[in-house]
Amino acid sequence: MTILRKKFIKSLGAVSLQRKLFMFIVLALSLIIVAGGTFIYKLVNDTFMQSENTHIEIIAESLTPRVSVWYFINNQADSSEMDEFLKNMLIAYKLEYIAFKDKNGLLVSESKTPEYIAGDSYNIEYKKDVYSPENDLSKNNMGTLEIVNSNYMLKELSAKYTTAGVLFAIILTLYFYLEMRLLKGLLMPLSRIATEIKGYMPGDKLVFKSFTLNKDDVIFEIVNGFKQMQQNIDDAMREKAIEEENNKAKDAFLLKQSRFIEMGTMISNISHQWKQPLNVVELCMTDLTIKNMMGEIDSKYQEKLFKEIHNQVVFMSKTIDVFKNFLSEDHNEKNIEIFSIERAITESLQLLDSMFDNKKISIVMNLDKSSVAYGSISEIEQAILIILHNAVDAITNSNKENGRITIECMVENENNIIKIHDNGGGFDSNIVDKIFDAYFTTKHPSQGTGLGLFITKTIVEIKFNGTIEASSSKEGALFVIRIPLAKKEEKKYLAS
């Protein structure tokens with residue numbers, strides 16, 4: 001019983017709100033009909049019973065004197081005569097049963113119809129004492145008259161009520177049975193559908209093998225809808241994958257294009273970087289040659305010149321290595337490492353030293369040595385170089401005599417914060433929302449492509465999962481880069 005009740009509650013829990021409301025209305029109307037029918041039946045029954053009780057009482061009052069007179073006169077007569085008399089009274093008054101008992105309670109005579117059923121609940125019984133037909137002072141109790149009348153109309157009405165009630169109960173039971181069968185027929189397939197789609201992942205094939213589908217069936221519509229949904233998801237996933245590939249190819253092209261643009265500037269910077277070391281090497285060689293011709297050279301002096309030449313060659317070699325790593329795609333992809341932000345900024349500045357010297361731009365740095373990040377150092381260097389180039393251009397265009405670029409890095413809330421601020425006069429605040437868009441530039445077409453800051457944003461957000469913001473003041477522009485601090489897990493991974 002408990003299992004059936006649980007199954008019923010479980011099935012009912014899966015029914016929709018509208019269906020529950022409909023079932024509640026049907027049940028409520030059924031209860032109202034049953035209660036109303038019972039009340040009407042009770043009211044009619046009581047009314048009939050009261051009426052019949054009054055009627056039989058009147059019959060008893062009318063019949064008692066006649067029985068009294070007849071028995072007083074014929075008390076010595078044969079009982080068959082008494083039976084005949086009572087039979088006539090039975091027919092005359094349309095009774096079911098009539099009997100006379102003496103004062104001692106012994107049955108004297110009785111008469112009844114063939115339809116009479118003793119003890120029937122619809123029998124209306126009445127007993128009346130019979131007295132001798134003398135004056136009031138000398139009346140004697142002769143016995144008791146018992147009469148019974150059956151309420152056929154109430155009996156017929158009760159039978160009709162019972163039949164209607166049974167039919168109504170059968171119909172209501174049949175309705176709820178069919179309702180439960182319908183719910184079972186609907187919920188069982190839905191349960192199997194849910195089982196089949198539970199582990200669905202985009203790209204999987206929904207088979208629905210356990211269904212015998214009829215096109216006119218609602219389950220067919222549901223299964224067909226799921227299959228169509230699966231097709232739509234797969235199409236959307238394919239379109240998204242194609243779009244992502246196209247975007248990756250586009251971003252890779254823009255990154256490469258930006259690198260080629262930066263390459264020209266880098267080569268120019270390297271040529272300036274190498275002029276001074278080459279001059280030093282040339283002076284050392286000239287000095288060494290002259291000293292050797294004059295015979296004034298000694299081993300210590302010669303060692304000093306060789307050491308100076310070696311230092312200059314090492315400097316030039318390091319410059320070339322930084323430049324090569326910056327441009328090498330293999331280096332970017334393979335050399336994922338934990339690096340110091342201080343190192344990235346220092347190497348970026350090293351590539352632009354000659355430019356800062358020529359433009360007479362001073363660099364102010366405040367670098368936190370604990371600031372470290374995880375990724376390709378050359379990619380963050382490219383982002384920093386683009387911002388530094390823009391700062392140099394802004395200072396140059398504003399004709400500032402004392403150009404200055406301030407670079408800070410710090411650790412804040414598990415993030416590395418890099419701030420680059422210049423005194424080049426800034427930019428229009430109305431373009432702050434467009435400044436990182438591709439091909440947007442405020443420079444002449446011969447001076448810029450509008451890709452620099454777009455590339456910077458792409459590197460920071462996609463490669464380092466960070467953010468970049470730009471703001472402007474009367475003094476100049478401020479760029480703030482936030483990239484995650486290297487985590488312990490990444491350090492352990494690299495160590496392994």
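Atoms considered below: every heavy atom in the structure, side chains included; atoms not considered: hydrogens, waters and symmetry mates. What you see is a predicted model; the values in this text were computed from it and never measured.
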*Asks:* Could you walk me through whether Ile395 and Asn423 satisfy the side chain to side chain contact (heavy atoms under 4.5 Å, CB included) test, starting with their C-alpha distance in whole Å, then the side-chain angles of each, then the deciding distance to 0.1 Å, before giving a yes or no?
*Replies:* CA-CA 7 Å; Ile395 293 169; Asn423 63 344; 3.6 Å; yes

*Asks:* Can you give me the closest heavy-atom contact between Val411 and Ser370, atom names plus distance?
*Replies:*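 Closest heavy-atom pair between Val411 and Ser370: CG2-OG, 3.8 Å.
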
*Asks:* Please tabulate, one pair per line, all N/O donor-acceptor pairs under 3.5 Å involving side-chain atoms of residues 236-243, not counting sequence neighbours.
*Replies:*
residue : atom : partner : partner atom : Å
Arg238  : NH2  : Asp235  : OD1          : 2.3

*Asks:* Measure the shortest side-chain to side-chain distance between Ile341 and Ile483 over non-hydrogen atoms and say whether it is less than 4.5 angstrom.
*Replies:* yes

*Asks:* Considering non-hydrogen atoms only, spot the tightest contact between Leu367 and Ile407 and give its length.
*Replies:* CD2-O, 4.0 Å

*Asks:* Apply side chain to side chain contact (heavy atoms under 4.5 Å, CB included) to residues Asn366 and Val364 and explain how you reach the verdict.
*Replies:* CA-CA 7 Å; Asn366 181 16; Val364 178; over 6 Å; no

*Asks:* Is the closest side-chain heavy-atom distance between Ile468 and Val480 below 4.5 Å?
*Replies:* no

*Asks:* Applying salt bridge (charged side-chain N to carboxylate O under 4.0 Å, His left out) as the test, list every pair that has at least one member in residues 365-376; sequence neighbours left out.
*Replies:*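 Sorted result for residues 365-376: Glu342-Lys369.
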
*Asks:* Taking only residues two or more places apart in sequence, or in another chain, which ones meet Glu469 in a salt bridge (charged side-chain N to carboxylate O under 4.0 Å, His left out)?
*Replies:*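 If we apply the salt bridge (charged side-chain N to carboxylate O under 4.0 Å, His left out) test to Glu469, skipping adjacent residues, the hits are Arg482.
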
*Asks:* Looking only at heavy atoms, which two atoms of Ser398 and Gly424 are closest? And how far apart?
*Replies:* CB-O, 3.5 Å

*Asks:* How many angstroms lie between CD in Glu379 and CD1 in Ile462, if you round to the nearest 0.5 Å?
*Replies:*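 Those atoms lie 10.5 Å apart.
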
*Asks:* With a 4.5 Å limit on heavy-atom distance, are the side chains of Ile345 and Cys409 in contact?
*Replies:* yes

*Asks:* Step by step, would you call Ile377 with Glu347 a side chain to side chain contact (heavy atoms under 4.5 Å, CB included)?
*Replies:* CA-CA 10 Å; Ile377 187 171; Glu347 289 184 359; 4.3 Å; yes

*Asks:* Quick one: does Ser348's side chain have a donor or acceptor within less than 3.5 Å of a partner on Leu385's backbone?
*Replies:* no

*Asks:* Hey, could you give me the OG/CZ distance between Ser471 and Phe427, rounded to the nearest 0.5 Å?
*Replies:*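 With rounding to 0.5 Å, OG (Ser471) is 6.5 Å from CZ (Phe427).
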
*Asks:* Could you tell me which residues satisfy side chain to side chain donor-acceptor pair (under 3.5 Å) with Asn416, sequence neighbours excluded, listed by chain and number?
*Replies:*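 Ser371.
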
*Asks:* Mind checking the CD1-CG spacing from Ile363 to Leu349? Nearest 0.5 Å is all I need.
*Replies:*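 So the gap between those two atoms works out to 5.5 Å.
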
*Asks:* For Phe464 and Phe339, which heavy atoms make the closest approach, and how far apart are they?
*Replies:* CE2-CZ, 3.8 Å

*Asks:* Is there side-chain contact between Ile420 and Ile405, with heavy atoms separated by less than 4.5 Å?
*Replies:*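 A side-chain contact under 4.5 Å exists here.
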
*Asks:* Could you state the interatomic distance from NZ (Lys359) to OG (Ser362), rounded to the nearest 0.5 Å?
*Replies:* 15.0 Å

*Asks:* Looking at every heavy atom in both His421 and Ser473, which two are closest together, and how far apart are they?
*Replies:* NE2-OG, 4.4 Å

*Asks:* Nearest 0.5 Å, please: how far is CZ in Phe479 from OG1 in Thr456?
*Replies:*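 With rounding to 0.5 Å, OG1 (Thr456) is 8.0 Å from CZ (Phe479).
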
*Asks:* State, to 0.1 Å, how close Arg343 and Glu337 come at their nearest heavy-atom pair, and which atoms those are.
*Replies:* NH1-OE2, 3.7 Å

*Asks:* Out of curiosity, Asn390 CG to Asp422 CG, how far, rounded to the nearest 0.5 Å?
*Replies:*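 One finds 9.0 Å between CG of Asn390 and CG of Asp422.
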
*Asks:* Return each pair, listed once, that meets side chain to side chain donor-acceptor pair (under 3.5 Å) where at least one residue sits in residues 404-414; pairs must be two or more places apart or across chains.
*Replies:* Arg404-Glu475

*Asks:* Output all residues satisfying side-chain contact (heavy atoms from CB on, under 4.5 Å) with Thr286, sequence neighbours left out; order by chain, then residue number.
*Replies:*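 Result, side-chain contact (heavy atoms from CB on, under 4.5 Å) vs Thr286: Glu282, Ile290.
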
*Asks:* Using the rule given for side chain to side chain contact (heavy atoms under 4.5 Å, CB included), can you reason through Leu485 versus Asn415, listing the C-alpha separation, both sets of side-chain angles and the distance that settles it, and then say yes or no?
*Replies:* CA-CA 5 Å; Leu485 193 67; Asn415 283 313; over 6 Å; no

